[in-house]
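Worksheet for the structure shown next.
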Protein chains: 2
Amino acid sequence: MKRNSRLSSTLHILVHMAEKPERALTSEQLATFIHTNPVVVRRTIAGLRDAGIVTSSRGHGGGWLLGRAPEKISLAEISVALGETLLPFSTEPESPGCLVEQAVIAVLDDFRVAAERLLAEKLDRITLADLTADFRRRFDLIGVSSHAV
Amino acid sequence: MKRNSRLSSTLHILVHMAEKPERALTSEQLATFIHTNPVVVRRTIAGLRDAGIVTSSRGHGGGWLLGRAPEKISLAEISVALGETLLPFSTEPESPGCLVEQAVIAVLDDFRVAAERLLAEKLDRITLADLTADFRRRFDLIGVSSHAV
DNA sequence: GTTTCATGTAACTTAGTTAGTTACGATTCG
DNA sequence: CGAATCGTAACTAACTAAGTTACATGAAAC
């Protein structure tokens with residue numbers, strides 16, 4: 001799992017889970033999908049559990065399941081649950097009292113607020129079901145196994 | 001200069017330059033505005049020079065000047081010249097051949113393209129002149145010196 | 001109830017990124 | 001020439017995030 005790929009890695013995991021909705025998948029299994037470590041998986045998707053997007057159960061036969069239907073899981077929720085920031089730039093004051101800086105931060109923050117609302121609206125309209133539909137289209141076209149190592 | 005504050009730090013510098021358009025400011029002077037090192041300043045705004053947003057001259061009396069009027073310098077250009085990425089998440093394949101991953105990346109890239117166009121359009125409408133106007137409004141209101149340490 | 005399989009989580013290590021620093025060559029003006 | 005200034009390479013330091021190890025907790029199977 002590379003840097004900055006938490007969103008795509010998590011979506012990868014979730015689509016796999018959506019394809020086997022009846023069976024709990026272990027962190028170990030999920031980890032192999034994205035070529036990483038079970039502990040990294042648990043840590044990464046812990047926030048999704050808190051948000052009700054997935055559920056986890058311990059012990060024999062335990063593992064991870066989707067918390068609700070893929071149609072009801074939006075990328076916006078997933079992104080928030082992962083703690084991802086949509087816009088990367090910082091606007092924290094470094095020269096308190098400087099009016100130039102205050103002007104810069106004010107304008108940049110206005111932009112940020114508007115931009116984040118726009119992006120959140122777009123992400124809200126994409127659901128996990130859309131992703132699985134896209135996957136199935138590709139699967140039907142090519143007709144091979146779902147996961148290559 | 002903190003991490004991820006390159007855009008706001010650079011804008012801070014540019015507004016100061018716009019306030020003294022007749023006088024070349026040295027990297028040393030610019031560095032004090034954002035509490036950092038002259039070399040960091042040169043490195044950071046080198047891209048702005050390549051984009052024609054600022055000019056630099058060496059030797060005695062040298063330094064930095066705006067390359068054109070503040071009305072003709074948009075935040076979109078500045079952001080590009082800094083090499084900033086508007087959206088932070090990565091969508092590079094890590095499991096070539098996995099159809100699930102391909103579906104995820106396809107959807108995410110569609111989103112990214114649309115989102116980046118939206119953001120670029122918004123940033124294109126904000127110019128350095130807007131920032132200086134905001135600064136002057138604050139300055140007139142409070143009526144004190146332009147820069148506190 | 002013991003064993004086995006699984007998550008939860010803390011603590012540490014490793015790798016990668018970026019700012020900061022030092023040093024010095026190139027350029028310009030007085 | 002000498003002082004001022006940028007350009008840039010090379011190195012250091014700080015920070016972040018992933019990877020790893022270890023172990024406690026909980027649940028099912030037997």
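Every chain is numbered from 1 and lettered A, B, ... according to where its sequence line falls, protein lines coming before strand lines.
Residue B/G59 is classed as a base contact, given a heavy-atom separation below 4.0 Å to a base.
Atom pair B/R42:CZ and C/dT21:P shows a separation of 13 Å (rounding to whole Å applied). Protein atom CD1 of A/I34 is 12 Å distant from nucleotide atom C1' of D/dG19, rounded to whole Å. Rounded to an integer number of Å, the gap from CZ of B/R58 to P of C/dC24 is 17 Å. Atom CG of A/N37 is separated from atom P of D/dG19 by 7 Å (rounded to the nearest Å). Here the P atom of nucleotide C/dT7 and the CG atom of A/L65 are 11 Å apart, to the nearest Å. What separates CD1 of B/I45 from C1' of D/dG7 is a distance of 12 Å, to the nearest Å.
In terms of phosphate contacts, A/T26 brings no side-chain nitrogen or oxygen within less than 4.0 Å of OP1 or OP2 of C/dA6.
Heavy atoms of other residues, nucleotides or ligands lying less than 6.0 angstrom from NZ of A/K2 number more than 12.
Considering only heavy atoms from C-beta on, A/T26 stays 4.5 Å or farther from A/P38 through its side chain. At a threshold of 4.5 Å between non-hydrogen side-chain atoms, the residues A/T127 and A/I73 do not count as touching.
If B/S56 and A/H60 are placed on DNA chain D by their nearest nucleotide, the residue sitting closer to the 5' end is B/S56.
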Show the distances under 3.5 angstrom between N or O atoms of the protein and N or O atoms of nucleotides 15-19 of chain C.
| unit_1 | atom_1 | unit_2 | atom_2 | d |
| --- | --- | --- | --- | --- |
| C/dA19 | O3' | B/M1 | O | 3.0 |

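Note on ring orientation: taking the six-membered ring where Trp is involved, the planes of B/F135 and B/F139 are tilted (angle from 30° to 60°).
No side-chain donor-acceptor contact under 3.5 Å links B/R6 and B/T44.
Put simply, the residue from A/H16, A/M17, A/E19 that forms a side chain to side chain contact (heavy atoms under 4.5 Å, CB included) with A/T132 is A/E19.
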